[in-house]
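Structure, as structure tokens:
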Amino acid sequence: MTKTYFAPGRVNLIGEHLDYNGGLVLPAALTIGVTATFTKRADNKIVLRSATHSFHNQIDLSDPITFNSKNDWTNYPLGIIHQLIKEGHAVPACEIIFNSNLPEGSGLSSSAAVEVLTAFMLLSQTESNINLPWLANFCKQVENEFIGVQCGIMDQFAVAMGKADHAILLNCSTLEHSYVHFELNNYRLLILNTKKPRSLIHSKYNERKAECDEALRILQTTSSIQHLAEASMSQIDVIQDATIKKRARHVVTESLRVKESVKALRFNDLSTFGRLMNASHASLKNDYEVTGKELDALAEEAQQLKGCLGARMTGAGFGGCAIALVHHDAIPEFKHMLTFKYQAETGLNCEIYESQIGDGVREIKN
Ligand code: ADP
Ligand code: MG
């Protein structure tokens, strides 16, 4: 018997690069994502296929599993299988076929979707009440240790715990979370894809993490803070190195913006939230330096267009996607103008998607 499962992509509404700094983030799961079918096999093998990749892979469950770049995309599910076995979970022989309507490598967390989907699907064969925050943390560890990307918990948490029409306010150091109703009224959340390949992403990501670790180390010589996101503006004044100080300033100001955003959303004040989105983008551009020409062109042009309350990059940056809040009546002209202006500035054709905010990982029952 074949079963089908779904894990969504996610956008982070605000609170960028705060997860690995122990801060507050505000992601939301999307209605676009990755699906997979699970079919049990009678032998001892796992076969991995994807409709979006020609490479496929087969492993024997009794063989050791290690990361190997030759395994291409299958490293993500292999990392999950490896860790499940290591922690003593039953992993059934099976064939898994992934399919997706989520752009890959665009900052919408397709990697987290594949990880969470694989873990949820495999565990569902033997366990009924899967603890989703635990599952998110498990998948994050796989991305950190097996894949080698030092991401925080946000992506996997949003993919696992998403709730339709709600953002998730998540404290990344304690995993305390609450849902914030995201009432769009006459506005829509648009996803703007730069279509720029993100070649630098993994190394730059790890570089920013190291810079933030250094900022925290400096602050801890005079204070007892545990995470950089707890620092105040006056505290970061002691940092001498201009680059490290800028990185810390982004973390501190972005943390304040998340709190203000939640307040604004609770009052259904989308205009204020839009202004905070714009300020977040500026901070990611000037202080954190993770945007790049394409994301700047897309977000900044969007900010100027009629009917747009705010726009910012989302995800790790260096290409990938931005998000914009746009009045529904203005969407056709917004799409037309933005495509034209972005093409003129960068020579690239952007893609623009309208997505709703959807639920987290689940089985799709026919
Ligand atoms: P993001 O998570 O922002 O989409 P990443 O670079 O972290 O970007 O992850 C993208 C990678 O995840 C892809 O290059 C591929 O290896 C894997 N991936 C994502 N979706 C799928 C899919 N549907 N099938 C197979 N692999 C996928
Ligand atoms: Mg990813």
Side-chain angles (χ1 to χ4, degrees), residues 4-12 16-17 19-20 25 27 29-30 32-38 46-58 67-81 95-121 136 139-160 162 191-206 208-209 290 292 294-295 313-323 351 353 355 361:
T4 306
Y5 297 83
F6 173 81
R10 68 96 191 88
V11 288
N12 188 21
E16 213 62 78
H17 284 276
D19 57 353
Y20 54 83
V25 294
L30 299 171
I32 51 177
V34 183
T35 51
T37 55
F38 170 95
I46 293 191
V47 177
L48 299 166
R49 296 181 193 279
S50 172
T52 58
H53 292 253
S54 55
F55 179 78
H56 56 93
N57 208 350
Q58 173 171 311
F67 180 91
N68 187 333
S69 55
K70 281 196 203 128
N71 287 330
D72 197 61
W73 67 272
T74 65
N75 278 307
Y76 292 96
L78 287 177
I80 297 293
I81 294 163
E95 178 171 70
I96 301 172
I97 305 176
F98 294 92
N99 205 341
S100 174
N101 60 0
L102 184 67
E104 294 176 23
S106 301
L108 301 178
S109 280
S110 69
S111 64
V114 169
E115 291 155 5
V116 169
L117 185 58
T118 307
F120 184 83
M121 181 164 54
C139 294
K140 170 205 177 262
Q141 273 175 342
V142 169
E143 184 133 355
N144 292 163
E145 291 161 21
F146 194 89
I147 304 296
V149 176
Q150 297 310 312
C151 63
I153 183 76
M154 173 176 71
D155 299 352
Q156 290 81 3
F157 199 94
V159 168
I191 298 169
L192 322 173
N193 191 344
T194 60
K195 297 295 282 176
K196 185 207 168 215
R198 295 184 312 169
S199 50
L200 280 174
I201 180 80
H202 291 171
S203 66
K204 285 285 178 193
Y205 191 98
N206 292 345
R208 289 296 174 278
K209 180 163 189 317
V290 290
E294 293 79 8
L295 273 172
M313 60 154 269
T314 189
F318 305 107
C321 289
I323 50 172
E351 281 178 1
Y353 327 105
S355 176
V361 67

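All residue numbers in this chain count up from 1 along the given sequence. As the structure lists them, so they are numbered: ligands from 1, and atoms in each ligand from 1.
In summary, the atoms of ligand 1 found under 4.0 Å from a heavy atom of Val114, numbered by their order in the structure, are 18 (N), 19 (C), 20 (N), 21 (C), 27 (C). For ligand 1, the atoms lying closer than 4.0 Å to a non-hydrogen atom of His53 are 24 (N), 25 (C), 26 (N), 27 (C). Of all atoms in ligand 1, numbered sequentially from 1 with element shown, those under 4.0 Å from a heavy atom of Thr52 are 22 (C), 23 (N), 24 (N). Atoms of ligand 1 lying under 4.0 Å from at least one heavy atom of Ser106, given by number and element, are 3 (O), 4 (O). Heavy-atom contacts of Leu108 reach the following atoms of ligand 1: 3 (O) (cutoff under 4.0 Å). Atoms of ligand 1 lying under 4.0 Å from any heavy atom of Gly107, numbered from 1 in the order shown and given with element: 3 (O).
The shortest separation from a heavy atom of Ser109 to ligand 1 is under 4.0 Å, placing the residue in contact.
Annotation: Ser111 places an N or O atom under 3.5 Å from an N or O atom of ligand 1; distance criterion only. Polar contact with ligand 1: absent for Ala112 (N/O pair, distance under 3.5 Å). Between Ser110 and ligand 1, a contact under 3.5 Å exists for at least one N or O pair. Between Ser50 and ligand 1, an N or O atom pair is found at a separation short of 3.5 Å. At under 3.5 Å, a nitrogen or oxygen of Gly105, whether backbone or side chain, sits near a nitrogen or oxygen of ligand 1.
Taking the six-membered ring for Trp, Tyr205 and Tyr20 have ring centres closer than 6.0 Å.
At least one donor-acceptor pair closer than 3.5 Å links the side chain of Asn75 to the backbone N or O of Asn68. Although no hydrogens or angles enter the test, the distance criterion places a donor-acceptor pair under 3.5 Å between the side chain of Asn144 and the main chain of Cys151. Between the Thr4 side chain and the Thr37 main chain, no donor and acceptor come within less than 3.5 Å of each other. Within the 3.5 Å criterion, the main-chain N or O of Gly9 finds no donor-acceptor partner in the side chain of Ser109. For Asp72 (side chain) and Thr74 (main-chain N/O), no donor-acceptor pair under 3.5 Å exists by modelled atom type. Remark: side-chain polar atoms of Arg10 are not paired, donor with acceptor, to backbone N or O of Ser110 under 3.5 angstrom. In this structure, Ser106 contributes its side chain and Leu108 its backbone to no donor-acceptor pair below 3.5 Å. Panel note: side chain Glu95, backbone Ile46; no donor-acceptor pair is recorded below 3.5 Å.
The protein atom (non-hydrogen) at minimum distance from atom 12 (O) of ligand 1 is Tyr76 CE1, 3.6 Å. Of all protein heavy atoms, the one lying nearest to atom 13 (C) of ligand 1 is Glu104 OE1, 3.6 Å. Looking from atom 6 (O) of ligand 1 to the surrounding protein, the closest heavy atom is Arg198 NH2, 3.7 Å. Given atom 16 (O) of ligand 1, the protein heavy atom at minimum distance is Trp73 CB, 3.1 Å.
Taking 2.8 Å as the criterion, Ser111 counts as a coordinating residue of the Mg ion (ligand 2), since one of its N, O or S atoms falls below it.
No part of Ala316 comes within 4.0 Å of ligand 1, judged by heavy-atom distances. At a heavy-atom distance under 4.0 Å, no atom of Leu102 approaches ligand 1.
Of the inter-residue distances, the one linking Arg208 atom CZ with Phe318 atom CZ reads 4.5 Å to the nearest 0.5 angstrom.
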